[in-house]
Student: 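My structure is below; once you've seen it, I'll send some questions.
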Amino acid sequence: MGAAAANGLCDSCRHQQLVGNTRGSVFSLCRRSREDPEYSRYPRVPVLSCPGFEVGEGAVADRSASRPPSASDREPPR
């Protein structure tokens, strides 16, 4: 599994911000946490459901907060 798929719904959410540190690690920051304390600043990943999920630009539009991506959402191997 690649780093891009490791964050679950966050990877296709408009509220995600990837934050890197000087040691090369990358963390998924939830920008909703800035206005709403109900959201964790750095949620445990992979996030499989989230009431605040909103599809981000360039994301797969048919994904919803109620279901995680399934095998049928992925491209077949070549």
Side-chain angles (χ1 to χ4, degrees):
M1 178 184 297
N7 298 315
L9 282 176
C10 295
D11 287 328
S12 57
C13 183
R14 65 181 293 245
H15 302 290
Q16 181 194 50
Q17 177 180 343
L18 295 177
V19 178
N21 69 12
T22 58
R23 298 171 80 176
S25 296
V26 178
F27 301 94
S28 178
L29 169 71
C30 178
R31 290 189 301 241
R32 273 194 179 258
S33 66
R34 294 177 179 160
E35 286 91 33
D36 190 340
E38 294 293 316
Y39 294 92
S40 176
R41 186 171 184 189
Y42 294 99
R44 289 184 133 177
V45 293
V47 173
L48 302 179
S49 68
C50 177
F53 173 78
E54 293 179 31
V55 176
E57 194 173 310
V60 177
D62 68 338
R63 289 187 182 170
S64 69
S66 62
R67 72 172 179 85
S70 67
S72 63
D73 293 335
R74 295 186 215 119
E75 289 185 29
R78 294 177 189 225

Student: Residues two or more places apart in sequence or in another chain: which of them pass side-chain hydrogen bond (donor to acceptor under 3.5 Å, both in side chains) with Gln17?
Tutor: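 Here the qualifying residues are Arg34.
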Student: Before giving the answer on side-chain hydrogen bond (donor to acceptor under 3.5 Å, both in side chains), spell out for His15 and Arg32 the whole-Å C-alpha distance, their side-chain angles and the decisive distance to 0.1 Å.
Tutor: CA-CA 6 Å; His15 302 290; Arg32 273 194 179 258; 3.2 Å; yes
Student: Remaining members of Val26's ILVMFWY cluster at a side-chain heavy-atom cut-off under 4.5 Å?
Tutor: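 Besides Val26, the hydrophobic cluster comprises Leu18, listed by chain and residue number.
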Student: Check side-chain contact (heavy atoms from CB on, under 4.5 Å) between Cys10 and all other residues, then give those that pass, not counting sequence neighbours.
Tutor: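 Scan of Cys10 (side-chain contact (heavy atoms from CB on, under 4.5 Å), adjacent residues dropped) gives Asn7, Gln16, Ser28, Pro43, Val47.
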Student: Please identify each residue that fulfils side-chain hydrogen bond (donor to acceptor under 3.5 Å, both in side chains) with Arg14, with sequence neighbours left out.
Tutor: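 Partners of Arg14 by the side-chain hydrogen bond (donor to acceptor under 3.5 Å, both in side chains) criterion, ordered by chain and then number, come out as Glu54.
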Student: Quick one: name the residues clustered hydrophobically with Tyr42, using the 4.5 Å side-chain heavy-atom rule over I, L, V, M, F, W, Y, and just say none if it's on its own.
Tutor: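 In the cluster with Tyr42 are Val19, Phe27, Leu29.
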Student: Looking at every heavy atom in both Ser33 and Tyr39, which two are closest together, and how far apart are they?
Tutor: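 Smallest heavy-atom distance, with atoms named: CB-O, 3.3 Å.
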Student: Under the salt bridge (Lys or Arg N to Asp or Glu O under 4.0 Å) definition, can you give me all pairs with a residue in residues 35-49, not counting sequence neighbours?
Tutor: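 Output for this query is empty, none listed.
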